[in-house]
Number of protein chains: 2
Amino acid sequence: MEQRRADNIAETLEEHIFGGVFQDGDRLDEVRLAEKFGVSRTPLREAFQRLALSGLVELVPRRGAFVRQPGPIELMEMFEVMAELEAVCGRLAARRISDVAIEELRDANARCQMAVEAKDTDGYYIENERFHKTIYRQSGNSFLEQEAAKLHKRLKPFRRQQLKFRGRMAQSMAEHEAIVDALARGEPEEAANALRNHVAVQGEKFHNLMASLKSQSD
Amino acid sequence: MEQRRADNIAETLEEHIFGGVFQDGDRLDEVRLAEKFGVSRTPLREAFQRLALSGLVELVPRRGAFVRQPGPIELMEMFEVMAELEAVCGRLAARRISDVAIEELRDANARCQMAVEAKDTDGYYIENERFHKTIYRQSGNSFLEQEAAKLHKRLKPFRRQQLKFRGRMAQSMAEHEAIVDALARGEPEEAANALRNHVAVQGEKFHNLMASLKSQSD
DNA sequence: CTTGAGTTTTTTGTATACAAGATTGTTGAC
DNA sequence: GTCAACAATCTTGTATACAAAAAACTCAAG
């Protein structure tokens with residue numbers, strides 16, 4: 001593998017964990033990975049420390065680093081928190097959002113709609129992300145914005161799966177319209193509820209997915 | 001200074017940053033701290049990585065580690081998020097809380113009241129923390145519980161200052177009673193609003209404190 | 001007195017060395 | 001055949017060494 005600076009190692013490992021290259025419980029072998037990255041153990045160990053704090057890796061003293069993929073329960077919990085965080089962003093944004101941001105949201109929605117019609121899942125995904133990140137920003141609270149973005153990123157691999165549900169993209173679009181409306185009319189509670197339900201439904205869809213996968217293996 | 005294992009170094013540095021030993025912008029000198037702790041640079045650098053992710057330290061490549069104390073604006077934002085997180089905990093807890101937990105909250109409040117009457121600030125502080133942590137837990141979402149506890153810990157040094165405001169402890173007690181009532185009656189929105197205002201007022205008090213400190217220096 | 005090129009000194013980033021704990025494998029007793 | 005104790009091996013945690021980048025300093029020119 002190509003040579004990398006230590007700054008990027010944590011990021012690359014993160015991608016590998018998200019991407020499913022490493023399974024839950026896998027031990028991250030320092031020397032093997034060091035060889036793979038073409039560096040020594042030192043920068044790898046520094047990367048482990050970072051990954052440990054964001055919960056992707058568990059550092060067991062004298063035993064090593066183990067990847068910690070969230071289980072079904074933890075994932076449901078994370079989706080619930082995501083829904084609530086987005087609701088908070090929406091409530092604050094309804095009071096603080098700028099006119100140009102409203103336009104940005106409408107633009108993102110229009111491009112989303114186009115992606116739906118073209119059955120362009122990737123395009124939909126990108127515009128959907130822009131839509132949500134705009135709302136985070138318009139909460140007017142950059143700490144909240146960062147926290148929301150952090151959790152959004154962490155849930156990314158799992159959110160993607162549930163987009164495949166039949167009709168989900170169209171339904172999601174309708175929800176987006178309702179959210180923009182509430183924000184444009186400056187209705188905090190309405191925007192909050194619309195966003196909470198919009199994200200919560202993702203958690204439910206995910207739950208269904210998990211259940212169906214489980215019943216297949218029975 | 002006494003010898004320490006690397007596991008504790010990050011924690012100790014964190015305490016020093018919270019405790020105000022290091023000021024905002026201070027550079028954390030690797031060799032000096034290594035001497036102080038009686039270890040080599042390696043475990044210190046690993047500790048820096050951890051502190052960087054929790055936002056206490058900024059790691060500038062090829063320049064070193066600098067402590068990042070949140071400024072007034074960032075602190076206000078953090079208090080706002082804390083208020084909203086507690087509100088979420090309250091709303092969920094109103095539906096999920098157990099009878100024994102209600103009793104725990106009442107107990108903590110009673111001990112809080114005793115501390116107020118005895119003008120025991122430390123005692124008040126401890127019971128107040130127990131009160132809030134119980135609500136986090138009763139949200140029934142352990143991911144949320146952890147996130148709330150993390151932010152609570154981060155705001156600890158700043159929350160403490162505003163307890164000194166005259167009459168704040170008594171007012172806070174009354175708010176606690178209202179919160180328990182709403183939870184006991186199973187009223188989600190009422191519990192959420194009571195908690196949001198309870199925490200938000202801390203942010204406002206903090207704002208007042210900052211303003212008064214600033215005017216003194218004029 | 002200020003400025004700027006060149007040089008010295010620090011300081012960071014990474015590799016390597018080494019010690020101590022954990023794991024695995026082997027042998028012998030029952 | 002199973003289990004336990006011991007030995008060999010591997011892995012982590014930490015110290016040290018060294019290279020490269022940044023900062024500080026020197027000194028001369030304007």
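Please read these numbers as outputs of a predicted model, since none were measured by experiment. Residue numbers start from 1 in every chain, and the chains themselves are labelled A, B, ... in the order their sequence lines are given, proteins ahead of strands. Side chains included, hydrogens not; waters and symmetry mates left out as well; all remaining heavy atoms used.
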**Student:** Between A/Leu59 (CG) and D/dT14 (P), how many Å, whole number?
**Tutor:** 11 Å
**Student:** Counting side-chain heavy atoms from CB outward, which of C/dA15, D/dT16, C/dG13 is closest to A/Ser40?
**Tutor:** C/dA15
**Student:** If the threshold is 4.0 Å, N to carboxylate O, is there a salt bridge linking A/Glu80 and B/Arg96?
**Tutor:** yes
**Student:** What is the separation between atom CZ on B/Phe66 and atom P on C/dT11, rounded to the nearest whole Å?
**Tutor:** 12 Å
**Student:** Tell me whether B/Glu147 is salt-bridged to A/Lys150, with the criterion being a basic N under 4.0 Å from an acidic carboxylate O.
**Tutor:** no
**Student:** Could you tell me how far apart B/Leu44 (CG) and D/dA15 (C1') are, to the nearest whole angstrom?
**Tutor:** 13 Å
**Student:** Starting at atom CD of B/Glu30, determine the distance to atom C1' of C/dG13, rounded to an integer number of angstrom.
**Tutor:** 9 Å
**Student:** Measure CD1/B/Ile9 against C1'/D/dA15 and give the value in whole Å, please.
**Tutor:** 13 Å
**Student:** Once you apply a heavy-atom cut-off of 4.0 Å, does B/Arg63 come out as touching a base, just sugar-phosphate, or nothing?
**Tutor:** sugar-phosphate
**Student:** D/dA15 P sits how many Å from B/Glu35 CD, rounded?
**Tutor:** 13 Å
**Student:** Out of C/dA22, C/dT16, D/dT14, which nucleotide sits closest to the side chain of A/Arg62?
**Tutor:** C/dA22
**Student:** Between C/dT11, C/dA15, D/dT14, spot the one nearest the side chain of B/Asp29, thanks.
**Tutor:** C/dT11
**Student:** What is the distance from CZ of B/Arg50 to P of D/dG13, rounded to the nearest Å?
**Tutor:** 11 Å
**Student:** Please work out whether the ring planes of B/His132 and B/His152 are parallel, tilted or perpendicular, with thresholds of 30° and 60°.
**Tutor:** tilted
**Student:** Using heavy atoms to find the nearest nucleotide of DNA chain D for A/Gly64 and A/Thr42 separately, return the residue whose nucleotide is more 5′.
**Tutor:** A/Gly64
**Student:** Distance check needed: D/dA17 P versus B/Arg45 CZ, whole Å only.
**Tutor:** 17 Å
**Student:** Answer yes or no: is there an ion pair linking B/Glu14 with B/Lys153, defined by an N-O contact shorter than 4.0 Å?
**Tutor:** yes
**Student:** Want to settle it: does B/Leu28 or A/Arg41 sit nearer the 5' end of DNA chain C, counting the closest nucleotide to each?
**Tutor:** B/Leu28
**Student:** Considering only heavy atoms from C-beta outward, does the side chain of A/Phe131 approach that of A/His176 to under 4.5 Å?
**Tutor:** yes
**Student:** Considering every strand and a 4.0 Å limit on heavy-atom distances, what is the contact class for A/Arg27: base, sugar-phosphate, or nothing?
**Tutor:** sugar-phosphate
